Amino acid sequence: MSATPLLVPVHPAQGIRRLLRRVADGWAGAVPVPVPPVLDVGSGSGSGCEDIDSLYHHRRLELVRLAVLLVDDVPTAEDVVQDAFTAVYRRHGPRLAGLDNPEGYLRRCVVNAARSVLRRRRTVRSYVPPRTTPAPPPEEEVLLREEHREVLDALRRLTPRQRQVIVLRYWSNLSEVEIADTLGLSRGTVKSTASRGLAALARRLEEAS
């Protein structure tokens, strides 16, 4: 059990934001994350890949951390982000043609890919007899302190929509409008989901402390 409370009682949202930041930074930041070239773009001009390269090298790790909080493990998060960059390049080219907000579009691709991963997991579980969940890889077990494991366990117990909204709101610091655009929801739905999700997460963390 944690020696100190997990949340700041007066401002639970601030406590959640700090916890998510520590979990994501500690898990995805401490695990070695190789940075391969995003794509083989062929023999075009030297400046032809500047736009997507800049986005890749400046936002990749942040997106991996976001994906970790949605899919629970680093290898899957890395795959989700790499696939998102590949899809964006194939659709819009190295100069990201036609994208007014490349970062927002890429983040939406990552979230949608993470949602697909979770749907596949639920489908598999519905056809496979229940079994003991495999232990996390040794390096992840070392990196995840008890407090971090409690946060991730509490996140897993939220509904998928609550989890997505909470992570985007309190880790990615997106506005309600940005979250609505990313998830294809109304602003009112985002607001009510965030409120219910935050209350549920705070309650579960309080129970664990």
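Computed from a predicted model, the values in this text were never measured in an experiment.
- Taking every heavy atom of both residues into account, E178 and N173 meet most closely at OE1-O, 4.5 Å.
- Within the model, atoms CG of D51 and OH of Y89 stand 12.0 Å from one another, a figure rounded to the nearest 0.5 Å.
- Between I179 and L185 the shortest side-chain heavy-atom distance does not fall below 4.5 Å.
- Taking a 6.0 Å sphere around CG of D100, one finds it holds 12 or fewer heavy atoms contributed by other residues, nucleotides or ligands.
- Of all heavy-atom pairs spanning Y56 and Q82, the tightest one is OH-OE1, 3.1 Å.
- T76 contributes atom OG1, which lies 9.0 Å from atom CZ of R120 (distance to the nearest 0.5 angstrom).
- Between L183 and R115 the shortest side-chain heavy-atom distance falls below 4.5 Å.
- The CD1 atom of I52 lies 5.0 Å from the CG atom of L96; values are rounded to the nearest 0.5 Å.
- The residues R107 and D181 are annotated as not salt-bridged, no charged nitrogen and carboxylate oxygen being separated by less than 4.0 angstrom.
- Looking only at side-chain heavy atoms (C-beta outward), R59 and V110 stay at 4.5 Å or farther from each other.
- Across all non-hydrogen atoms, the minimal contact from G197 to L158 is O-CD2, 3.9 Å.
- Between E206 atom CD and L201 atom CG the span is 11.5 Å, to the nearest 0.5 Å.
- Looking at heavy atoms from C-beta onward, R65 lies out of side-chain contact with L69 at the 4.5 angstrom threshold.
- In this structure, the separation between CG on L168 and OG on S175 is 10.5 Å, given to the nearest 0.5 Å.
- For the atom pair CD of E176 and OG1 of T189, the computed distance is 11.0 Å after rounding to the nearest 0.5 Å.
- Residues A77 and V71 share a closest heavy-atom pair of N-CG2, 3.8 Å.
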Steps toward side chain to side chain contact (heavy atoms under 4.5 Å, CB included) verdict (L55, H58): CA-CA 5 Å; L55 193 61; H58 286 90; over 6 Å; no
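- Here the side chains of R163 and R157 are not in contact, with every heavy-atom distance at 4.5 Å or above.
- R161 CZ: 12 or fewer foreign heavy atoms inside a 6.0 Å radius.
- The minimum heavy-atom distance between S172 and L66, with the atom names listed, is OG-CD1, 3.6 Å.
- Within the 4.5 Å cutoff, no side-chain heavy atoms of R91 are placed close to those of V88.
- When all heavy atoms of I166 and L198 are compared, the closest pair comes out as CD1-N, 3.4 Å.
- For the pair T182 and Q164, the minimum side-chain heavy-atom distance is 4.5 Å or more.
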